[in-house]
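Have a look at the structure below before the remarks.
Residue numbering restarts at 1 for every chain, and letters A, B, ... go by the order of the sequence lines. Just so you know, these numbers come straight off a predicted model, no measurement behind them.
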Amino acid sequence: MKVELDKTYDPAKGEAGIYKKWEESGYFNPDSLDLPSDAKSYTIILPPPNITAKLHLGHSAMLAIEDLIIRYKRLRGFRTLWLPGTDHAAIATQNVVEKKILKEQGKTRHDLGREPFLKEVWSFLEKTQGEILAQTRRMGASLDWSRLAFTLDKQRQDAVKLMFKEMYDEGVVYRGERMVNWCPRCHSTLADDEVEHKEEKAKLYWIKYGPFVLATSRPETKLGDTAVAVHPDDKRYQKFIGQELDIEGVLGVFQVKVVADKAVEMDFGSGVIKVTPSHSFIDSEIATRHNLPGKKIINEEGEMMENCGKYAGMKTAVARDAIVKDMQDMGLIDHIDEDYIHNSARCYRCDSIIEPLPSEQWFIGVDKKVGRLGGKSLKERAIEVAWRDEITFTPDRYKKRYIDWMENLHDWCISRQIWFGHQIPVWYKDKEIYCGLEAPEGDGWRQDADTLDTWFSSGMWSFSTLGWPDNYVNGKKIGDLAKFHPTQVLETGYEIITLWVSRMIMMSLFALDEVPFSQVYLHGMVLDKNGKKMSKSKGNGIDPLEMIEKFGADAVRLSLLMGFTPGNDAKFSEEKIETKRNFVNKLWNISRFILATIEVEKKENNTITEEMPGAKTLADQWILSSLQSTIEVVSKNLDEFNFSVAADALDDFTWNKLADWYLEIAKIEKNKEEILMFVLRKLLIIWHPFTPFVTERVWESFNSNLLMVEKWPELRENSDKASLINQEFQFIQEIVIAIRNARSNNKIEPTKKLQAVIYAHDSEKLLIDNQEIIKNIKTGIDSLEIKNAGEKVDEAIYIVSGKFEIYLLGGIDSEQEKSRLVKEHANLEKLINLQIAKLANEEFVGRAPANIVQAEKDKLENYQKEFVKIKQAIIEL
RNA sequence: GGGCGCAUAGCUCAGCUGGUUAGAGCACUUCGUUUACACCGAAGGGGUCCAGGGUUCGAAUCCUUGUGCGCCCACCA
């Protein structure tokens with residue numbers, strides 16, 4: 001039978017059906033793959049998207065890359081597992097839902113209360129999670145849905161509790177009163193890397209402070225001052241160091257001590273700073289070094305506390321104005337800088353100004369030496385595995401960034417005063433404290449109200465998804481954990497190295513004493529066409545679903561895979577997707593043409609063979625050897641994560657070699673069914689990881705088995721013959737292009753036939769063997785004479801190169817022809833002079849390798865030959 | 001303040017360990033409905049590879065300085 005494909009590829013027509021077919025086959029699940037028992041595993045755990053909103057293009061890029069890797073490895077015979085999941089994203093989700101209920105119901109979470117609020121959160125996330133999973137399927141992601149996980153489902157809750165308890169028992173998790181980043185809006189602590197620093201203009205107040213004048217941007221914190229500090233080497237203030245001073249303040253006179261500390265910069269301001277140990281990180285450190293008391297004056301609401309007299313209850317910003325006014329009345333303000341630029345710390349989720357506060361919180365001690373880590377700390381082990389290349393980074397510059405960041409890591413504050421998340425598994429009763437998986441027996445126990453930082457649970461993602469702790473018995477991995485951990489590669493965005501990658505490494509080392517993955521591949525950000533981050537508020541985003549509907553999932557995938565290099569951001573536009581849609585259609589039409597020329601019977605494993613079909617002509621040999629080297633290049637670059645390079649090579653083979661040349665030749669030489677079929681099969685297989693839908697759809701038109709689990713073509717060295725074949729075919733191509741060029745140049749009607757005489761120097765046989773190609777492949781030659789050499793032909797268009805001479809009869813436009821020859825002549829003259837100069841340079845001839853010098857000599861010789869002939873032709877014209 | 005990245009055709013980018021007349025796609029010009037594809041085909045125009053200096057027989061490629069843009073980290077009261 002003949003297979004007939006539609007004239008243009010319509011992605012909408014088949015994508016959903018194909019995805020369903022894949023899913024129903026069960027092959028997304030590695031347990032269903034038909035593999036030898038010793039087949040190696042290849043695992044990627046999907047970075048779980050936050051359930052705060054539906055997916056954006058960045059997620060699509062991630063899915064395209066990971067699905068590419070997984071499909072490639074599956075075709076290569078690996079036991080591939082790509083495990084899906086979503087992230088509860090504690091604080092982010094809570095913020096979104098808080099905004100939602102405020103808008104819809106006019107209520108805060110406190111109006112609702114903990115349980116009703118959490119109910120709202122769960123119904124919200126059910127909806128977004130559904131959207132996210134649907135979008136993921138639309139991209140064609142071959143994820144094992146049977147292992148779908150959520151960072152806050154029952155299994156993960158159990159894992160988190162146990163992890164917390166084990167860390168608590170080892171003393172890695174501890175509770176302590178420390179300075180924390182406090183977001184008054186979220187009413188919670190934040191980790192250091194959840195704080196963003198934004199440059200902005202503020203006022204800098206120069207205030208009279210006892211014998212000093214000093215600068216501060218936060219005069220209201222004066223109420224919490226317990227010292228002033230100067231640099232130990234500052235000559236101006238030597239005599240004050242160690243003194244107790246009486247300072248006049250808005251609430252009366254108070255005492256401060258003068259201390260000397262190197263943290264103070266002499267050149268900034270007046271070189272004197274007021275020290276507010278309870279509301280500044282730097283001041284807190286100074287206070288610790290000098291044993292200074294702290295005085296807390298701002299509460300968790302961001303309000304001045306009762307100990308602030310008449311300012312009590314005011315928000316800090318209000319109190320600041322009030323205090324400044326009072327100080328002015330008292331003559332305590334020296335002057336005010338109105339446009340002082342400084343960095344303000346803000347919450348990465350709600351943009352509120354961060355208030356540093358002392359607070360009792362839970363921490364992970366990254367410097368705590370741990371028995372199970374061989375007496376080393378989490379930090380030490382996490383750095384060590386990178387140095388030893390137990391984990392490698394692509395691009396490798398991120399290894400340094402990772403290590404730098406790790407080395408500066410402070411203890412990680414993990415408790416959050418929000419409701420949505422893993423509640424801390426600790427119970428209190430009077431002075432007693434209990435950490436465990438369940439509430440302790442007996443009355444009067446009260447569970448810690450706080451929840452865990454979202455990165456605590458996502459840090460466990462590599463192994464909590466694979467069945468830890470159930471699959472970890474007496475220090476031995478069993479089940480999925482044994483089969484799939486450590487995973488092979490973590491593919492994620494570089495912006496998340498510190499937040500997530502590092503946490504995963506520490507958590508896995510602690511729980512299993514092994515790395516979570518052996519490679520980290522980092523992709524860049526998808527920017528809009530002006531190079532700006534896409535964001536909802538800017539309205540410059542592109543909705544992936546809309547693009548899929550318009551151009552198809554394959555086109556969207558290709559547009560995110562090509563033109564992206566590892567770790568670098570890339571600009572993106574709808575036009576780019578459009579060009580990829582065009583390519584997908586080209587691939588479809590190549591298939592359409594081949595299938596239309598061939599009788600095929602739809603059957604299982606349709607005539608697939610590792611044996612190359614016999615090549616009858618040069619073109620046959622050429623396309624087969626090109627295919628072979630393309631397979632090599634694509635495989636190598638996929639192995640090295642150079643996805644764009646791999647796709648470029650495939651694109652070049654498909655369009656420039658197969659479609660533009662071989663298919664045209666097939667129309668001329670005929671009887672190529674076997675080779676066309678062979679090439680089409682291989683082509684569909686190697687394109688499949690990039691464009692799974694269109695390839696599967698073509699495949700299913702003549703196969704009853706699935707392309708998805710086909711076998712990747714074998715790699716073999718291209719024979720020495722390949723380079724000769726290539727050279728010979730290129731020779732034919734040069735002649736064809738030269739003839740077309742001459743036609744175009746002389747403005748010859750496309751339908752007008754020409755006569756040609758070719759002097760082939762020593763390649764007469766080669767050209768005669770391929771004369772049908774030369775005559776018919778868009779060259780319009782009706783009679784062709786080929787000889788090794790011969791007489792000049794009059795009244796003909798003359799084309800000369802180092803390798804051949806062509807005379808074209810029947811269409812000459814003398815003017816055009818002359819100007820073309822003159823141009824060519826001038827160009828050659830330039831080249832010849834360049835070569836002569838090069839070869840006259842004794843140092844070049846003396847020092848450069850002999851083969852390079854010889855090549856340059858040959859080049860010159862060829863130029864000179866052409867030059868002479870062209871000169872002659874111009875004269876005669 | 002410390003670190004990293006980028007600078008190549010109008011646009012988006014390739015150019016690995018230095019060696020053809022520096023490439024591709026889009027855009028542009030001319031021509032084309034020869035039945036796979038106009039989401040196409042053929043031919044063509046377009047670049048002192050950011051600037052200065054250095055290494056080398058030879059530099060877009062290596063070193064150095066500078067300029068411009070972008071990012072990360074730290075942070076100034």
Side-chain angles (χ1 to χ4, degrees), chain A residues 5 7-9 193 197 204-205 214-218 221 228-229 263-265 267-276 280-283 340 342-343 345 395 397-398 400-401 404-405 408 494-495 497-498 524-525 527 529 531 551 555 562-565 567-573 575-576 578-597 642 644-645 648 651-652 656 659-660 663-664 667 737 740-745 747-751 776 778-780 827-828 830-831 834-835 838 841-849 851-853 855-856 859 863:
Chain A
L5 302 179
K7 190 166 168 176
T8 46
Y9 174 63
D193 44 19
H197 296 276
L204 185 64
Y205 304 88
L214 56 80
T216 178
S217 58
R218 302 199 58 187
T221 60
V228 294
V264 181
E265 281 184 41
D267 320 340
F268 192 89
S270 57
V272 184
I273 63 169
K274 57 192 230 24
V275 179
T276 321
S280 152
F281 281 93
I282 289 273
D283 293 6
Y340 167 62
H342 78 142
N343 282 325
R397 63 172 186 269
Y398 286 103
K400 194 168 167 281
R401 196 191 271 194
D404 283 351
W405 186 80
N408 293 317
Y494 63 77
E495 75 278 6
I497 295 177
T498 54
M525 271 187 306
L527 306 174
K529 57 175 140 187
F551 301 110
M562 299 178 79
F564 276 73
T565 43
N568 294 323
D569 299 344
K571 293 176 194 171
F572 194 80
S573 62
E575 295 85 80
K576 189 173 174 193
E578 199 178 336
T579 67
K580 300 310 168 194
R581 184 273 315 266
N582 295 351
F583 172 79
V584 170
N585 187 55
K586 186 78 183 181
L587 185 58
W588 173 261
N589 267 289
I590 287 169
S591 311
R592 178 172 187 248
F593 172 74
I594 293 176
L595 291 170
T597 60
N642 292 320
S644 189
V645 179
D648 281 342
D651 181 295
D652 178 60
N656 302 332
D660 289 349
L663 295 192
E664 294 305 319
K667 292 174 190 170
I737 290 168
R740 289 173 180 170
N741 182 349
R743 289 189 71 113
S744 166
N745 213 287
K747 301 204 185 322
I748 298 168
E749 292 288 306
T751 47
N776 295 310
K778 296 173 186 173
T779 45
N827 184 35
L828 274 172
K830 216 174 72 194
L831 291 174
L834 231 93
Q835 285 308 106
K838 201 181 244 180
N841 183 346
E842 282 173 34
E843 297 211 82
F844 170 68
V845 179
R847 298 202 191 201
N851 61 328
I852 300 276
V853 176
E856 297 298 329
K859 225 190 287 173
Y863 291 157

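Nucleic acid contact for A:Ile594: none, since no nucleic acid atom lies under 4.0 Å from a heavy atom of the residue. Contact annotation for A:Arg581: base contact, defined as any heavy-atom pair under 4.0 Å involving a base atom. Nucleic acid contact for A:Asn841: sugar-phosphate only, since backbone atoms but no base atoms lie under 4.0 Å from a heavy atom of the residue. Using a 4.0 Å heavy-atom criterion, one finds that A:Glu575 contacts no nucleic acid atom at all. Residue A:Ala848 is in base contact, counting any heavy-atom pair closer than 4.0 Å across all strands shown. Across all strands, A:Lys571 comes closer than 4.0 Å only to sugar-phosphate atoms, never to a base (heavy-atom distances). The residue A:Glu664 sits close to a base: some heavy atom pair falls under 4.0 Å. Within the nucleic acid shown, A:Tyr863 comes within 4.0 Å of at least one base atom, counting heavy atoms only. When heavy atoms are screened at a 4.0 angstrom cut-off, A:Ala229 is found touching no nucleic acid atom at all. Residue A:Asp404 is classed as having no contact, given no heavy-atom separation below 4.0 Å to the nucleic acid. Within the nucleic acid shown, A:Ser280 has no heavy atom closer than 4.0 Å to any nucleic acid atom. Looking at heavy-atom distances under 4.0 Å, A:Lys667 makes contact with a base. Using a 4.0 Å heavy-atom cutoff across all strands shown, A:Lys7 reaches sugar-phosphate atoms only and no base atom. Residue-level contact check: A:Leu204 touches neither bases nor backbone, having no heavy atom under 4.0 Å from any strand.
Look at the C1' atom in both B:U55 and B:U20: the space between them is 24 Å, to the nearest Å. For the C1' atom pair drawn from B:A74 and B:U61, the interatomic distance equals 35 Å after rounding to whole Å. Comparing B:A22 with B:G46, their P atoms are spaced 12 Å from each other, to the whole Å. If you take atom P in B:C26 and the same atom in B:G41, they sit 9 Å apart, rounded to whole Å. Nucleotides B:C49 and B:A59, compared at atom P, are 12 Å apart to the nearest Å. If you take atom C1' in B:C28 and the same atom in B:G70, they sit 30 Å apart, rounded to whole Å. The same atom, P, is picked in B:U12 and in B:A7; the two are 12 Å apart, to the nearest Å. Separating the C1' atom of B:U17 from that of B:C62 is a span of 11 Å, rounded to the nearest Å.
By the 4.5 Å heavy-atom criterion applied to side chains, A:Leu204 and A:Thr216 are not counted as neighbours. Counting heavy atoms from C-beta on, the side chains of A:Arg743 and A:Thr779 never come closer than 4.5 Å.
A tilted orientation is assigned to the rings of A:Tyr9 and A:Trp588, their planes being inclined by 30° to 60°.
Comparing A:Asn656 and A:Ser744 by the nucleotide of RNA chain B that holds the closest heavy atom to each, the one mapping nearer the 5' end is A:Asn656. The 5' end of RNA chain B is approached more closely, in terms of each residue's nearest nucleotide, by A:Ala570 than by the other of A:Asp660 and A:Ala570.
Under the ring pair (Phe, Tyr, Trp, His ring centres under 6.0 Å) criterion, A:Tyr340 pairs with A:His342, sequence neighbours left out. Evaluation of the ring pair (Phe, Tyr, Trp, His ring centres under 6.0 Å) rule for A:Phe564 yields no partner, not counting sequence neighbours. Here A:His197 pairs with nothing under the ring pair (Phe, Tyr, Trp, His ring centres under 6.0 Å) rule; sequence neighbours left out. A search for side-chain hydrogen bond (donor to acceptor under 3.5 Å, both in side chains) contacts involving A:Lys586 returns nothing, not counting sequence neighbours.
Of the listed residues (A:Val645, A:Asp651, A:Thr579), just one forms a side-chain contact (heavy atoms from CB on, under 4.5 Å) with A:Met562, and that residue is A:Asp651.
For A:Thr221 and A:Lys274, the side-chain atoms include at least one donor-acceptor pair closer than 3.5 Å. Between the side chains of A:Asn568 and A:Thr565, at least one donor N or O sits under 3.5 Å from an acceptor N or O. There is no side-chain donor-acceptor pair under 3.5 Å between A:Lys571 and A:Ser573.
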Problem - Base-pair map of RNA chain B as dot-bracket, where | denotes pairing with a different strand and pairs are Watson-Crick or G-U under 3.5 Å - result: (((((((..((((.....[...)))).(((((.......))))).....(((((..]....))))))))))))....

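A nucleotide of RNA chain B counts as in contact with chain A when one of its atoms lies under 4.0 Å from a heavy atom; the first and last such, 5' to 3', are B:G3 to B:A77.
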